[in-house]
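Take a look at the structure set out below.
What you are looking at is a predicted structure, and each value in this text was computed from that prediction instead of being measured. Naming: A, B, ... by sequence-line order, numbering from 1 per chain.
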Amino acid sequence: MRQEVIYYGGDYNPEQWDRETIMEDMELMKKAGVNYVSINIFGWKNIQPAAGVYDFTHLDWLMDLLHQHSIAIDLANGTASPPAWLVNQSPEMMPIDSAGQRLVHGSRQHYCPTSPVYRRAIQELTEKVAQRYAKHPGLVMWHINNEYTCHVHECYCDHCRMSFQSWLKQHYQTIDNLNHAWSTTFWSQAYSNWQEIFLPERMPTFKNPSQQLDYKRFISDMNLELFQIEKQAISAYSQMPIMTNLMGLHEHVDGFKWAKEMDVVSWNTYPNPREKVPYGQFLANDLTRSLKKQPFLIMEQATGAVNWRKINKRKAPGQMRLWNYESIAHGADGLMFFQWRQSKGGAEKYHSAMVPHSGKSTSRIYQEVAQLGNELAQLKELVGTRFVADVAIVFDWENWWALELDAKPSAEVTYIRQMMRVYQALRESHISVDFVHPSEDLSAYRLVIAQNLYMISAEDSQNLASYVKKGGTLLANFFSGIVDQNDSVYLDGYPGAFKEVLGLEVDEFSPLYPNEQGAITVEGQSYQTIIWEEELHLLGAVSLGNYESEGLEGMPAFTKNDFGLGHAYYLSTQLTQADYTKFFKHFLKEMNYQPPLQLIKVEEADVSITYRESETAIYGFILNYGTQQVKIAVLKEGIDLLSDQQVSSIDEVDSQDLRIIKFNK
Amino acid sequence: MRQEVIYYGGDYNPEQWDRETIMEDMELMKKAGVNYVSINIFGWKNIQPAAGVYDFTHLDWLMDLLHQHSIAIDLANGTASPPAWLVNQSPEMMPIDSAGQRLVHGSRQHYCPTSPVYRRAIQELTEKVAQRYAKHPGLVMWHINNEYTCHVHECYCDHCRMSFQSWLKQHYQTIDNLNHAWSTTFWSQAYSNWQEIFLPERMPTFKNPSQQLDYKRFISDMNLELFQIEKQAISAYSQMPIMTNLMGLHEHVDGFKWAKEMDVVSWNTYPNPREKVPYGQFLANDLTRSLKKQPFLIMEQATGAVNWRKINKRKAPGQMRLWNYESIAHGADGLMFFQWRQSKGGAEKYHSAMVPHSGKSTSRIYQEVAQLGNELAQLKELVGTRFVADVAIVFDWENWWALELDAKPSAEVTYIRQMMRVYQALRESHISVDFVHPSEDLSAYRLVIAQNLYMISAEDSQNLASYVKKGGTLLANFFSGIVDQNDSVYLDGYPGAFKEVLGLEVDEFSPLYPNEQGAITVEGQSYQTIIWEEELHLLGAVSLGNYESEGLEGMPAFTKNDFGLGHAYYLSTQLTQADYTKFFKHFLKEMNYQPPLQLIKVEEADVSITYRESETAIYGFILNYGTQQVKIAVLKEGIDLLSDQQVSSIDEVDSQDLRIIKFNK
Amino acid sequence: MRQEVIYYGGDYNPEQWDRETIMEDMELMKKAGVNYVSINIFGWKNIQPAAGVYDFTHLDWLMDLLHQHSIAIDLANGTASPPAWLVNQSPEMMPIDSAGQRLVHGSRQHYCPTSPVYRRAIQELTEKVAQRYAKHPGLVMWHINNEYTCHVHECYCDHCRMSFQSWLKQHYQTIDNLNHAWSTTFWSQAYSNWQEIFLPERMPTFKNPSQQLDYKRFISDMNLELFQIEKQAISAYSQMPIMTNLMGLHEHVDGFKWAKEMDVVSWNTYPNPREKVPYGQFLANDLTRSLKKQPFLIMEQATGAVNWRKINKRKAPGQMRLWNYESIAHGADGLMFFQWRQSKGGAEKYHSAMVPHSGKSTSRIYQEVAQLGNELAQLKELVGTRFVADVAIVFDWENWWALELDAKPSAEVTYIRQMMRVYQALRESHISVDFVHPSEDLSAYRLVIAQNLYMISAEDSQNLASYVKKGGTLLANFFSGIVDQNDSVYLDGYPGAFKEVLGLEVDEFSPLYPNEQGAITVEGQSYQTIIWEEELHLLGAVSLGNYESEGLEGMPAFTKNDFGLGHAYYLSTQLTQADYTKFFKHFLKEMNYQPPLQLIKVEEADVSITYRESETAIYGFILNYGTQQVKIAVLKEGIDLLSDQQVSSIDEVDSQDLRIIKFNK
């Protein structure tokens with residue numbers, strides 16, 4: 001079944017409402033252009049009120065009702081919040097936190113990811129749901145669980161300890177392999193057998209880092225096993241696409257690994273309305289799309305305020321619309337909200353919804369929701385088109401985990417913050433990016449950026465080297481290529497994994513305190529440094545920029561190495577955000593970068609220009625995040641999709657407004 | 001037995017001292033005007049050295065000794081600190097904290113409030129004490145326990161879980177009622193029976209808010225049950241007044257509910273000597289008096305420094321005296337200290353006392369204590385007179401709990417801080433206030449203020465509406481009238497409970513960050529806003545002031561609605577403290593407020609003028625908290641009670657000094 | 001066996017490396033002047049791979065190899081990190097933290113200090129090691145365990161509770177004595193027998209302070225028992241010196257008590273490279289030396305960055321060298337590092353070492369290491385010489401514990417910060433100090449300083465009084481002499497223990513908030529006060545300086561009392577650092593202080609001048625911590641030991657450089 005329209009709608013939890021309200025919902029949905037809802041996400045207790053007892057009366061009615069109203073159904077298996085009867089029957093299914101405390105029922109997501117009780121229960125429940133609704137004509141997608149590991153991303157119960165030991169055995173085969181990988185000769189930590197290994201619970205001081213790293217892999221894998229159990233239970237009955245909603249820049253689920261198991265990727269986006277340009281959401285859109293390199297869905301977002309920040313600001317008029325077009329521009333084929341109607345009670349009652357507490361269609365929020373829904377109906381042809389990018393940033397969840405383990409040279413070097421820095425600098429330079437896993441084929445990219453790629457296997461580092469050797473351009477930065485997949489340092493000089501391709505060696509790291517700054521000079525231009533500097537020695541590379549900072553005066557800071565047919569650049573420090581953008585302007589010129597498409601031109605850094613592409617057309621998106629109207633130059637004749645007007649060579653876009661221009665190929 | 005003098009004295013713990021010191025105490029008490037002491041508060045181990053063993057030798061001697069020295073006795077039943085032998089015999093009586101850890105013996109107040117062991121033990125102990133001393137001629141009051149829930153305001157033991165389930169069953173009758181009240185259809189939380197319900201222990205994410213709210217009610221009620229057990233044990237033997245010492249602005253005991261069970265209310269006041277005008281103490285005085293609307297006692301305070309702040313400042317010369325007259329002015333009929341003689345050892349040895357470590361009568365502290373004690377002897381006629389106020393602020397502990405649950409629009413809206421803001425603005429406008437429970441008869445008040453009265457039952461909101469309908473004036477502020485007693489939102493437009501009386505509807509909340517400010521204009525005057533703004537629509541009300549803030553320009557901010565014979569005002573934002581006071585000046589004029597008594601006049605905001613009233617006289621209190629001498633206009637002839645001089649039309653009051661002027665009716 | 005050279009080397013953990021690397025180590029050690037290494041510190045699992053199984057193959061080889069290369073061996077018994085097999089066999093040996101959580105294996109130092117299992121295991125292991133290597137010719141010292149209580153300084157297991165009860169019984173003999181010492185009549189805490197006593201675990205509020213204090217004594221003693229068990233196991237086989245590495249300003253081990261059990265004292269020093277003049281390290285050098293009043297060893301330090309701060313800066317060129325000469329100047333006879341070769345994996349891989357990750361002898365770090373090692377070879381004659389000081393500061397770990405218990409007048413009065421303040425003021429005045437225990441013979445000192453000596457026994461206070469009576473000079477400051485060894489206040493006026501010798505009485509403490517300042521005037525000079533002021537009355541003393549601060553204007557602040565043949569001064573407040581140094585200049589003049597040696601003269605406060613002394617010579621050390629070259633006046637002819645040049649009357653010392661000048665007696 002092919003998707004024909006941009007999905008629009010939200011989580012729908014009508015268990016909270018009487019039938020009269022639900023009938024009103026059908027009308028309000030229609031007016032708002034809603035064509036897709038997710039149901040049964042928190043339906044467990046409703047459809048299985050007790051052990052062995054199922055009651056589908058309400059869900060049957062609801063499925064039919066939605067289908068009658070032409071609303072496509074994303075049906076959840078309902079495993080996200082185990083009912084009280086199950087918890088009381090088997091309290092050992094509850095996770096134990098790092099303080100050794102077993103959690104209790106009363107919120108949601110309360111289950112140990114390895115619990116046999118929970119695993120049996122979700123398999124049974126999922127089979128029942130799949131069997132009953134596999135052939136329902138309203139069904140378009142399966143929604144498994146909800147936001148895996150959002151709240152529970154560790155468990156220290158006995159069963160998890162046993163499972164961890166099994167996982168390690170499978171991973172390392174012999175205990176000697178594990179001892180070697182974990183460097184257990186240090187601090188007398190060596191194991192004689194698998195049963196001796198503990199979970200990384202409370203210890204007197206710094207824990208074995210490789211053990212911590214494997215535990216993070218284990219947690220992601222154990223949750224993925226849950227997904228697989230549920231997926232298999234569905235697949236036995238249905239061929240419909242299966243997914244779960246990811247969370248963008250969320251640490252505990254290895255996105256690239258999980259995406260392989262999903263038919264569609266989606267994520268839940270909750271930027272703070274306080275931000276003027278929410279680069280975090282932007283980056284996560286690009287990252288989520290990149291997991292499968294195909295269109296994705298926004299599965300959740302807020303129409304206005306959320307309820308879980310200390311101060312929950314509302315969204316300003318127009319803000320919700322503009323940020324949604326950002327997602328469309330970057331490859332989204334669906335825009336959904338949590339949730340349709342704002343709850344009267346419970347923990348999320350102050351989380352905004354498509355229909356606010358007043359329930360009125362005159363409310364500002366409902367009116368903006370309806371405006372957007374009706375606009376999207378005009379944009380059907382965008383469905384399935386591909387985002388255009390020829391620059392790639394390497395992203396690796398395992399590196400994220402390794403980089404942020406304790407006892408590092410500087411706790412200021414955190415992965416997402418560093419990603420944000422390079423991402424913003426590229427956005428402000430009007431460069432569109434994909435994210436890539438270090439093991440991916442990189443040949444299609446003009447430039448690959450290794451940003452704080454601290455941990456990389458020998459094999460993956462070969463992949464990057466071979467990309468350069470064949471003519472690619474690599475830009476690596478400080479504290480990249482330092483350790484292998486076990487967090488063991490590549491010896492004989494940092495950065496061991498990239499020493500050859502970069503043609504240099506780092507003698508000593510020199511982190512800066514938060515209030516310290518240094519500087520480098522590149523082609524007569526000075527750039528302010530923060531966080532990190534280092535003393536490096538050239539082994540073939542040439543210096544394109546040197547330090548001015550105290551203690552490192554005149555030493556190389558920014559270098560270039562010719563390697564095979566390509567070039568490898570190295571930036572040994574971090575620049576302030578403003579100088580980082582300025583640096584990229586210089587760098588793109590230095591590497592002679594030409595964008596793949598040049599149909600629209602704009603100077604302002606806070607105006608975004610990106611493209612989606614089909615077999616026959618190119619769609620240009622111009623989004624004005626600035627506070628001023630801007631002039632854009634359109635270099636080829638096109639059609640404004642929202643107004644259906646021809647676009648001349650110069651167009652004006654208001655602050656907080658956008659254009660979607662179609663160019664025929 | 002009627003109280004004839006202003007009680008003056010303190011906690012007396014002579015177990016710590018030898019007989020020689022105790023005899024010296026008798027002399028020093030006499031010199032200081034001490035006429036009342038509280039004993040046996042921490043006497044359990046002394047009078048019951050082992051299970052089933054009682055030894056009253058020392059207490060008998062002490063009671064007689066005090067009586068011989070004409071010192072009235074407030075006798076505690078001694079249950080505040082269970083002895084080590086009891087804890088070791090029944091460790092399950094110890095509370096379990098939110099981290100799942102069982103507390104141990106070694107400080108005080110270590111008991112689970114539902115523990116059957118503890119309940120049996122305090123009943124037995126209290127009966128023994130009551131039986132023995134009910135007829136003692138020195139006894140004037142019974143003191144039960146000490147500062148209930150000061151340290152332990154939660155317990156997560158199995159017995160508390162069972163008790164909570166019973167409490168819920170009693171409250172809700174059916175599990176369906178509970179499911180409805182707790183909105184358990186959300187997040188699949190519904191219960192099939194009472195046994196499935198957990199205490200609100202550690203959970204993965206936001207807990208069910210109604211469950212949290214009921215747990216707070218439960219904890220207050222379980223402690224009240226303790227009080228009732230002890231009270232009944234005494235009542236079987238004695239007709240003397242029974243009380244426990246409350247703690248003013250203390251969250252975990254529902255003051256209005258508890259006060260109904262007490263013959264006298266008292267509280268312990270510990271303002272920071274660093275504060276120049278301790279509005280928190282002032283507010284708590286008014287609140288404590290309002291619990292029964294009759295005179296109260298200061299049961300504890302410090303003569304100088306306390307020991308439990310990080311920095312414990314001493315009280316400046318005169319500070320202790322002035323703050324004590326504040327209490328008298330606002331309805332106190334007794335002033336006691338913790339404690340008589342400063343401890344040599346133990347956890348509170350650096351808490352000041354009436355007799356300091358040096359033990360010397362030449363010490364500054366003892367001398368100020370004696371001065372005050374001797375002054376009070378001149379003020380006997382104040383005993384039993386009533387405080388005069390015709391403005392009421394609604395105060396409700398249950399609303400406090402509900403308002404401060406998590407997942408709200410803004411964590412900056414906290415109850416006591418908001419109470420302090422309005423209270424200070426009224427004080428600076430020379431308005432005296434009572435506090436009222438929302439269910440109270442309000443007809444006697446000229447103005448009733450609903451300050452962040454977020455939660456209110458339909459019945460109580462009817463009480464307020466009917467007060468206005470009959471001619472009353474209501475001033476409500478933002479985030480009032482939002483939810484019912486289960487924390488369920490009143491639908492169809494905020495603030496559901498007050499929409500009709502206020503004649504308006506709020507479309508969307510717009511909280512401000514701590515460093516953000518906006519503004520409103522009222523009659524050409526601009527006021528700075530903080531914390532909260534909102535978009536509201538008039539449904540009959542008229543706007544008296546509009547927003548200037550970005551995004552809300554020109555929208556109504558301060559409104560008035562004619563309702564029945566009365567008027568209901570609404571202030572949709574919070575003003576800075578200075579502007580709030582300024583606003584009240586305007587508002588009191590707008591509502592044409594006239595104070596009930598006009599015998600004394602002063603302009604300065606930091607001079608307090610209040611009145612107490614008997615059948616035959618009115619007593620005016622002028623307290624100068626400023627740094628300058630002030631002139632006060634006395635509009636009717638009176639007598640200065642401390643100097644016994646006639647007071648002319650103009651009088652001068654020094655900085656940090658006071659006058660008490662008696663006017664015959 | 002007499003030490004002939006300044007020991008130089010580090011912890012050596014070759015278990016991590018292959019034989020080829022180890023052979024390279026031998027060469028690199030030789031080039032760097034390494035003559036001493038500590039091995040087997042974390043060797044337990046290597047030499048005892050399973051219960052009852054020993055394998056010394058690798059250690060035998062290593063001992064012989066080191067000896068062949070003339071490297072002296074400091075052999076550890078290897079008990080610092082129990083192996084996984086032992087933990088799994090007897091999980092009850094793991095400590096339980098203050099949150100009630102039992103720790104797990106996976107880092108190091110995971111053992112309960114009273115555990116019978118652990119105690120049996122370390123005794124057996126130590127005997128095996130001692131028996132095997134007692135006669136090894138390379139052995140020069142025994143190294144027991146490692147950094148006792150560095151990570152684990154409390155345990156709340158049942159066995160610790162029983163051990164605490166036994167310890168208390170031994171200490172107090174009768175339960176009445178304990179009740180009296182702990183002031184248990186307060187808060188009804190009295191005990192009927194030892195079994196009723198709990199460890200100071202989580203309690204509702206402030207814990208009994210005497211109980212907390214005894215628990216700290218208990219923890220230090222229990223760890224000392226471990227040391228003694230291990231020491232006895234060695235002593236049965238070997239006469240070589242035995243020690244463990246202390247940690248300088250570390251709270252949980254009573255240094256004076258422990259030093260009595262050790263043949264040599266050593267400590268691990270980790271100042272932050274960010275500090276320009278690390279007074280903390282300086283103070284700790286003087287303190288560690290003072291524990292035995294004989295030369296000591298630096299057992300660990302970093303060549304560059306550590307790994308456990310948030311931001312780990314490298315050491316600037318020359319910084320490591322200068323700071324090492326500081327240690328030599330103050331009595332060190334050995335300079336060792338953690339560790340020889342930087343680890344490839346594990347928790348400390350980013351902790352710098354003598355050989356960095358690159359393994360290269362061209363690295364800056366290795367080159368500085370080798371330079372220092374080769375210089376030290378010229379300084380053999382310093383071994384065994386004694387540091388020269390005639391001013392003593394009283395230091396007492398028990399006072400540290402007592403002073404920092406909770407519920408004090410001010411939490412700003414912390415022991416080490418106060419020690420640092422007086423120490424820095426003396427250093428800046430070019431005064432060399434010893435530290436003394438309050439029970440020590442003080443007659444050799446010209447001046448004794450009691451800095452916040454809050455707790456002191458009657459006996460020790462007699463020791464100080466008698467020192468003054470016989471002609472000594474005492475300088476005491478505020479909050480000294482307040483309580484006895486049980487934390488019970490000396491009554492009848494503060495400071496009870498020193499009232500007579502100081503000739504005054506304190507009426508009331510008046511702590512200041514961190515942002516508050518006051519002032520005193522001494523001889524027309526004004527000094528800024530912080531943290532603390534007080535109201536005192538003279539009882540014989542004369543005031544040399546009065547308060548200017550609000551509320552204390554004109555009252556005595558700095559006093560002098562003639563007592564016997566000596567003088568006792570009292571400074572009742574704390575001065576800012578700059579004014580404290582200025583004050584000491586005045587004070588030293590006031591007391592007519594003459595330094596014991598006057599061979600070198602310098603004005604600059606950041607240049608250090610100190611002396612070591614042998615039978616025949618005096619060695620002057622000049623260390624320039626300033627940023628400028630300085631001129632020093634040499635008042636007697638001497639020889640520069642590093643250049644072997646005669647030194648004339650004036651010499652110049654560069655910034656960050658030093659001189660060692662030998663003067664013959």
Side-chain angles (χ1 to χ4, degrees), chain A residues 98-101 156 180-193 195-212 406-412 483 486-494 496 505-514 516 531 535 550-551, chain C residues 13 15-17 42-46 49-50 78 80-85 87-88 95 97 99-110 150-152 274 304-305 307-314 316-317 342-352 356-360 362-365:
Chain A
S98 63
Q101 202 173 355
Y156 298 96
H180 181 75
W182 286 15
S183 299
T184 57
T185 48
F186 189 68
W187 283 0
S188 187
Q189 293 174 351
Y191 300 96
S192 300
N193 59 63
Q195 286 67 47
E196 285 178 1
I197 302 168
F198 286 89
L199 295 169
E201 296 178 63
R202 199 164 295 183
M203 299 180 191
T205 182
F206 294 112
K207 302 170 187 184
N208 183 301
S210 313
Q211 183 182 10
Q212 293 183 75
D406 47 18
K408 287 288 194 314
S410 170
E412 289 290 307
V483 297
N486 301 315
D487 199 36
S488 280
V489 173
Y490 290 109
L491 295 179
D492 199 34
Y494 310 124
E505 180 177 284
V506 175
D507 198 41
E508 214 179 355
F509 306 137
S510 183
L512 301 178
Y513 271 82
E516 284 182 309
I531 295 177
E535 187 172 330
E550 192 193 334
Chain C
N13 300 298
E15 304 84 10
Q16 302 170 80
W17 305 105
F42 297 106
W44 194 334
K45 169 72 180 176
N46 301 311
S81 192
W85 61 258
V87 174
N88 276 277
D97 69 12
Q101 204 173 354
R102 199 177 281 281
L103 307 190
V104 302
H105 175 269
S107 65
R108 65 175 195 180
Q109 206 173 95
H110 38 274
C150 177
H151 311 301
V152 176
R274 202 183 187 188
N307 63 318
W308 43 264
R309 291 194 177 92
K310 293 235 162 221
I311 313 283
N312 295 296
K313 290 197 88 75
R314 65 175 192 163
Q342 196 166 359
S343 295
K344 177 179 164 63
E348 297 199 271
K349 61 179 170 291
Y350 294 110
H351 191 295
S352 61
H357 270 147
S358 71
K360 294 178 184 170
T362 54
S363 62
R364 184 182 71 84
I365 278 186

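Side-chain contact between C/His357 and A/Tyr494 is present, with heavy atoms from C-beta onward closer than 4.5 Å. Considering only heavy atoms from C-beta on, C/Asn307 stays 4.5 Å or farther from A/Lys408 through its side chain. Looking only at side-chain heavy atoms (C-beta outward), A/Phe186 and C/Ser343 come within less than 4.5 Å of each other.
Residues passing the side chain to side chain contact (heavy atoms under 4.5 Å, CB included) test with C/Val152 are A/Pro204, C/Pro95, C/Leu103, C/Gln109, sequence neighbours excluded.
Heavy atoms only, all atoms of each residue included: A/Ala407 and C/Ala347 are closest at CB-O, 3.5 Å. A pairwise comparison of heavy atoms in C/Ile311 and A/Ser410 identifies CD1-OG, 3.6 Å as the closest pair. For the residue pair C/Ala84 and A/Ala190, the shortest heavy atom distance occurs at CB-O, 4.1 Å.
Across C/Arg309, C/Lys313, C/Arg102, the residue that shares the most heavy-atom pairs under 4.5 angstrom with chain A is C/Lys313. Between chain A and the residues C/His351, C/Glu15, C/Glu348, the largest count of heavy-atom pairs under 4.5 Å involves C/Glu348.
Distance alone, capped at 3.5 Å, places no donor-acceptor pair between the A/Asp492 side chain and the C/Gly359 backbone. Between the side chain of C/Lys344 and the backbone N or O of A/Val489, at least one donor-acceptor pair lies under 3.5 Å. Between the side chain of A/Ser188 and the main chain of C/Lys45, a donor-acceptor pair closer than 3.5 Å is present. Listed for the C/Asn88 side chain is a donor-acceptor partner under 3.5 Å among the backbone atoms of A/Glu196.
Note that the CG atom of C/Asp97 and the CE atom of A/Met203 stand 13.0 Å from one another [nearest 0.5 Å]. Taking OH from C/Tyr350 and CG from A/Asp406, the interatomic distance works out to 12.0 Å, rounded to the nearest 0.5 Å. Note that the OG atom of C/Ser107 and the CD atom of A/Gln189 stand 7.0 Å from one another [nearest 0.5 Å]. The line from OG of C/Ser358 to CG of A/Asp507 is 6.0 Å long, rounded to the nearest 0.5 Å. A distance of 10.5 Å separates OG1 of A/Thr205 from CH2 of C/Trp308, quoted to the nearest 0.5 Å. Atom CG of A/Asn193 and atom CH2 of C/Trp85 lie 13.0 Å apart (nearest 0.5 Å).
Looking at A/Leu199, the atoms closer than 4.5 Å to chain C (heavy atoms on both sides) all sit in the backbone: N, CA, C or O. With a 4.5 Å cut-off on non-hydrogen atoms, A/Gln212 does not touch chain C at all. For a residue to count as touching a neighbouring chain, one of its non-hydrogen atoms must lie under 4.5 Å from one of that chain's; by this rule A/Glu535 touches chain C with the side chain only. Residue A/Val506 does not touch chain C at all, counting heavy-atom pairs closer than 4.5 Å. For chain C, the nearby parts of A/Ser192 are the backbone and the side chain; heavy atoms of each come within less than 4.5 Å.
Cation-pi geometry between C/Arg274 and A/Tyr513 is satisfied (NZ or CZ under 6.0 Å from the ring centre, within 45° of the ring normal).
Note on A/Asp487 versus C/Lys349: salt bridge recorded, some NZ/NE/NH1/NH2 to OD/OE distance being below 4.0 Å.
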| task | Dump the intermediate steps for salt bridge (Lys or Arg N to Asp or Glu O under 4.0 Å) on A/Glu412 and C/Lys310, then the final yes or no. | result | CA-CA 8 Å; A/Glu412 289 290 307; C/Lys310 293 235 162 221; over 6 Å; no
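A ring-centre distance under 6.0 Å is found for C/His105 and A/Tyr191.
Relative ring orientation between A/Trp187 and C/Phe42 is described as tilted, the plane-to-plane angle lying within the 30° to 60° band.
The side chain to side chain donor-acceptor pair (under 3.5 Å) test with C/Gln101 singles out one residue from A/Glu201, A/Gln101, A/Arg202, and that residue is A/Arg202.
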